[in-house]
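Note that the structure is a prediction, hence the values are computed from the model and not measured.
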Amino acid sequence: MSPADVDPGSRLAALDEAVRLATGRVDPQVEASAAAVLARARERLALSGEYTVVALAGATGSGKSSLFNALVGAEIARPGVTRPTTGRPLAVVLPPPGAAPAAGSGPDDLLDWLEVSDRVVVGGERQDATDVVRARGRVGALGGLGTLVRRRPRPVDGLPDLPTGAVLLDLPDHDSVVAEHRAVAERLYARADLLVWVVDPQKYADAALHVRYLRPMAGHAAVLLLALNQADRLTPREVTEVVADVRRIAAQDGLRDVTVVPVSAVTGEGVDALRDHLADAARRRRAATQRVVADVRAAGAALRDACGSAQGAASGTDRAASRLVDALEVAAGVPLVVDATRRSALGQARAATGWPVTRWVGRLRADPLRRLGLGRPPALDALTGRRATSTGAAPSDEDAASRRSSLPRPATTAGAQVSIAVRDFLDAATTGVPDAWTLAARAAVSRDAIPDALDRVVVASAPAGARDPRWWRAVGVVQWVLLTVAIAGAVWLAALAGLAYLRLPEPPTPTWGEVPWPTVLTVGGVLLGVLLALVSRVLAGVGARRRAARVRRRLRAGVDDVARDLVVRPVTGELGAWAACASAASRAAA
């Protein structure tokens, strides 16, 4: 598929995405160059598509201006005999068939964008663009050309076999001793649709030409043509040998399929063939699109090389993320909270289901969760189990967010474990990633926000408002019933003992078998109460472990969210941007 067969719009969109994602992440020169290509391509596609800009470039003494005149068939460009031979660009506009040749009706917007003020319109007259611009009120478009230059009429009617629909440019020399002339030439090299590079038999292998100009245009063979001028100085065999050598050197520059045409501006040899090439390019109207595509491909390739291959990214981030969550659990005090939850639940169960005579001993011990600032709030709605505010409403999310635990800050070892875990995750996630993207991924991690986020997770996930199991209340009621029975039996026995001590007649005492009922009530109430307390303790231990497991799962999920929000997601976001940049650059350069 040739570049012209590819929609330049899709390539421009891909390059635009790559430039946006690569901003601040790649070499500033690569980024600036890609942005310039993007802007230039959009400007060119927005201008006239009826004209093909053909620029003649070359070194001093290569016969560029003479060849320009030979192509046009008139002495329009004036070859010089002293350096620099060409000081300012000259444009010859060849309107397409049916276009009005009157002055001002040519591709003025295109020439204004090219910033070429010296223009000749076929079928009209030569004029300095200052006249046209002043007439249109667009002096600023040419960078402040304020001096009105008198028109210099030059008839150009009847020129032979010119490629219509073209703008021919005679550019300053690329090796001019005047830096301003070189800057103008290099600017137009980048904006021309089709570049005809004029070389001569003496300097066609000049290193400066190939290293600075032709080699950077690798991939632009479709919009570059090499014209070997002064062929009249060579024998036919020498022409063949030099043309072959020009092709060889061009292939080394990455221009394998470039067209090489031997010409002579003096004898006219090869001028018709060169004119046919230009006419064909102007007729097909593809040079502008091909040049845009070639520039975008080159910029995309540079960005792709700067971004690197996204296929080298590490795939072991899941294990590193799991290790990160483990380290954050330790730093957040999750094991401490889970153990406190188990002991708190066990203590509450004993206080609710233990033998009433001894359960008060457990209340002398501080609740482990309250010591951590995570205990049950002082005011607890009896029906909902939610903490009540001064208005009787449940606490808001802002209240929960403002609460802090009394957990000790992470110890030095725990903090070191977090740092190591974050570093290990970053190392695993950024393996094979360019340095700029690695630094961006590291900068995206909010290390300072991790401790507070973990504390909020602990506060939100701790079982401060958890409901007591219903069986606790039932067992508590049974315990009080058994204690009441034991007390009743003891009172009954005490009454019988008192009557016996006073030598009073004892009332008849019912028995259960051989054992009097007062003894059954007293001993049975105490034994059943103690036995029920022991069974409840075993059941409470199972329930406490289950509650601790539920709390641990909630804490694990909360810590996992912190790890993903503050570490994993920012890092993967940067790496996703890197992969998207590399993909977009690859699409632009495909």
Side-chain angles (χ1 to χ4, degrees), residues 2 4 52-73 76-77 79 86 92 94 159-171 173-174 188-189 192-206 209-210 213-215 217-284 286-287 290-291 294:
S2 68
T52 300
V53 179
V54 180
L56 270 67
T60 302
S62 62
K64 172 170 45 65
S65 297
S66 299
L67 182 59
F68 183 85
N69 290 333
L71 286 171
V72 176
I76 295 178
T86 304
V92 171
L94 308 163
L159 300 181
D161 301 327
L162 288 172
T164 59
V167 174
L168 301 182
L169 298 180
D170 182 23
L171 304 184
D173 306 326
H174 72 76
L188 291 174
Y189 295 162
D193 299 331
L194 180 62
L195 195 60
V196 178
W197 209 284
V198 182
V199 297
D200 60 80
Q202 287 75 34
K203 294 188 293 184
Y204 71 86
D206 181 54
L209 165 65
H210 291 273
Y213 297 107
L214 296 186
R215 194 165 297 169
M217 295 194 70
H220 289 64
V223 292
L224 180 65
L225 189 148
L226 298 178
L228 178 62
N229 196 18
Q230 303 174 10
D232 57 294
R233 298 183 178 182
L234 304 175
T235 65
R237 180 178 178 179
E238 291 174 337
V239 169
T240 302
E241 292 176 351
V242 173
V243 168
D245 200 39
V246 170
R247 288 197 177 98
R248 179 187 62 80
I249 299 176
Q252 294 176 351
D253 293 334
L255 301 169
R256 297 184 180 279
D257 300 325
V258 70
T259 301
V260 180
V261 180
V263 296
S264 173
V266 176
T267 65
E269 177 186 353
V271 173
D272 290 338
L274 178 58
R275 189 182 293 122
D276 290 341
H277 280 290
L278 303 184
D280 181 64
R283 182 178 64 255
R284 290 185 291 117
R286 295 174 60 183
Q290 287 178 320
R291 178 60 193 268

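Within the 4.5 Å cutoff, the side chain of Leu228 has heavy atoms near those of the Pro201 side chain. Counting heavy atoms from C-beta on, the side chains of Leu226 and Tyr204 never come closer than 4.5 Å.
For Asp280, the salt bridge (Lys or Arg N to Asp or Glu O under 4.0 Å) partners two or more places apart in sequence, or in a different chain, are Arg283, Arg284. The side chain to side chain donor-acceptor pair (under 3.5 Å) test applied to Thr259 returns no partner, not counting sequence neighbours. With sequence neighbours left out, the salt bridge (Lys or Arg N to Asp or Glu O under 4.0 Å) criterion links Asp253 to Arg215. For His220, the side chain to side chain donor-acceptor pair (under 3.5 Å) test picks out Asp295, with sequence neighbours left out. For Asp193, the side chain to side chain donor-acceptor pair (under 3.5 Å) test picks out Arg44, with sequence neighbours left out. Considering only residues two or more places apart in sequence or on other chains, Arg256 meets the salt bridge (Lys or Arg N to Asp or Glu O under 4.0 Å) condition with none of them. Among residues two or more places apart in sequence or in another chain, the side-chain contact (heavy atoms from CB on, under 4.5 Å) test is passed with Ala55 by Leu169, Leu171, Ala192, Leu195. Under the rule for a side-chain contact (heavy atoms from CB on, under 4.5 Å), the partners of Gln202 that lie at least two apart in sequence or sit in another chain are Asp200, Gln230, Arg233. Applying the side chain to side chain donor-acceptor pair (under 3.5 Å) test to Tyr189 and every residue at least two apart in sequence or in another chain returns nothing. A search for side-chain contact (heavy atoms from CB on, under 4.5 Å) contacts involving Glu238 returns Leu234, Thr235, not counting sequence neighbours. Evaluation of the salt bridge (Lys or Arg N to Asp or Glu O under 4.0 Å) rule for Glu269 yields no partner, not counting sequence neighbours.
Closest approach of Ala287 and Leu194 over heavy atoms only: CB-CB, 4.4 Å. In terms of heavy atoms, Val258 sits closest to Leu224 at CG2-O, 3.3 Å. The two atoms that bring Ala59 and Lys203 nearest to each other are CB-NZ, 4.1 Å, heavy atoms only. When all heavy atoms are compared, the tightest approach of Ala227 to Val263 is CB-CG2, 4.3 Å. The minimum heavy-atom distance linking Val271 with Ser264 is given by the pair CG2-O, 3.7 Å.
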Criterion side chain to side chain contact (heavy atoms under 4.5 Å, CB included) on Leu274 and Leu225, from CA distance to verdict = CA-CA 9 Å; Leu274 178 58; Leu225 189 148; 3.5 Å; yes
Audit row: Leu56, Leu71, side chain to side chain contact (heavy atoms under 4.5 Å, CB included) steps and yes/no = CA-CA 11 Å; Leu56 270 67; Leu71 286 171; 4.1 Å; yes
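The 12-atom threshold is not exceeded at CZ of Arg237, counting heavy atoms of other residues, nucleotides or ligands nearer than 6.0 Å.
The backbone N or O of Ser62 sits less than 3.5 Å from a side-chain atom of Asn229, completing a donor-acceptor pair.
Summarising the geometry, atom OG1 belonging to Thr52 is positioned 10.0 Å from atom CG belonging to Leu168; distances are rounded to the nearest 0.5 Å.
A donor-acceptor contact under 3.5 angstrom links the side chains of Asp170 and Ser65, judged on distance only.
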